[in-house]
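These notes are about the structure you will find just below.
Predicted model only: the values in this text are computed from it and were never measured. The chain is numbered in sequence order, starting from 1.
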Amino acid sequence: CWNIRGLNDTSKQKEVRHFVQKNGVAFLGLLETTVRSLNMERVARGLVKGWKCVSNHKDSLLGRIWVLWNPGLVNFRVAAISRQAIHGELRWAGYSLWVSVVYGDCNYIFRRELWKELEKQARRFSAKPWIICGDFNVSRYPHKHSGGRGSISSATKEFECCIQKCELEDIKQSGKVFTWNNKRLGEDFLAKKLDRVMGN
């Protein structure tokens, strides 16, 4: 998953193409595309030739979530689409697993809809491997904030409760710990780990 923060700009589209080609990617989730539905087909077609794309434009005016895949290598069958997630089955070379691409709402009250949705999908997807990736817009642990802020918010508790109910675990990451920052300097600087990949 990649929080692209706008995909209308041709330089961002070029960046996606370069990333796919350089890393041999066959499946990709893009978040916060800010592309209107009437422009989606044109932008998607120009990203990576021959790839298929599905979005959540029916639930979100600016298509907050896109899922793209190379049909020559993998197949993605959509199981459900909502304002905060796209769920489906990913198949390749005789293997299959469930995938959920998530972009959690900034408002913790609206994120409760996502937690209920993930709990429902956990029951549905329990017989097969399930990967959940994206920007959850909430930290799981207080120590995953810069500056050592140690308090546990109700939003963090609700997220952790959902993770436990779904029987999920973080998949080990490499690279930077923090995935978001407030772009301020000095004492006002704040960074958090909002993006993650989990599996059942």
Does [X] reach the main-chain N or O of [Y] with its side chain, forming a donor-acceptor pair under 3.5 Å?
X      : Y      : result
Asn137 : Gly104 : yes
Asn200 : Trp130 : yes
Glu32  : Ile4   : no
Asn70  : Trp51  : no
Asp9   : Ser11  : yes

Assess whether side-chain contact (heavy atoms from CB on, under 4.5 Å) is satisfied between Gln84 and Val102, documenting all intermediate values. CA-CA 6 Å; Gln84 299 182 72; Val102 169; 5.6 Å; no

Do we get Arg83 above Phe110's six-membered ring, with its NZ or CZ under 6.0 Å from the centre and within 45° of the axis? yes

Might you work through the ring-ring contact (aromatic ring centres under 6.0 Å, His included) test for Phe76 and Trp69, ending with a clear yes or no? CA-CA 7 Å; Phe76 183 70; Trp69 66 96; 5.4 Å; yes

If you measure from the Lys or Arg side-chain nitrogens to the Asp or Glu carboxylate oxygens, is any gap between [X] and [Y] under 4.0 Å?
X      : Y      : result
Arg196 : Asp170 : yes
Arg123 : Glu119 : no
Arg64  : Asp59  : no
Arg140 : Glu160 : yes
Arg91  : Glu89  : yes

Test salt bridge (charged side-chain N to carboxylate O under 4.0 Å, His left out) applied to Lys52 - qualifying residues, sequence neighbours left out: none

Could you verify whether a donor N or O on one side chain and an acceptor N or O on the other, from Trp66 and Ser55, lie under 3.5 Å apart? no

Just checking, is any N or O donor in the side chain of Glu158 or Tyr108 under 3.5 Å from an acceptor N or O on the other one? no

Under the ring-ring contact (aromatic ring centres under 6.0 Å, His included) criterion, do Phe19 and Trp2 qualify, and how do the steps go? CA-CA 11 Å; Phe19 174 80; Trp2 183 355; 5.4 Å; yes

Side chain to side chain, [X] and [Y], heavy atoms closer than 4.5 Å:
X      : Y      : answer
Val16  : Leu7   : yes
Ile131 : Met198 : no
Thr33  : Leu62  : no
Phe27  : Leu90  : yes

Pairwise distance [atom1]([X]) to [atom2]([Y]) - rounded to 0.5 angstrom:
X      : Y      : atom1 : atom2 : result
Asn39  : His57  : CG    : NE2   : 8.5 Å
Leu168 : Cys162 : CG    : SG    : 7.0 Å
Asp195 : Cys1   : CG    : SG    : 8.0 Å
Lys116 : Leu114 : NZ    : CG    : 11.5 Å
Lys157 : Ser154 : NZ    : OG    : 7.5 Å
Met40  : Arg45  : CE    : CZ    : 11.0 Å

Going by side chain to side chain donor-acceptor pair (under 3.5 Å), Ser82 matches just one of His87, Lys58, Glu117, Gln121. Which one? Glu117

For Gly6 and Lys12, work out which heavy atoms get closest and say how close. O-CG, 3.4 Å

Mind telling me whether Phe136 and Trp115 have parallel, tilted or perpendicular rings, with 30° and 60° as the class edges? parallel

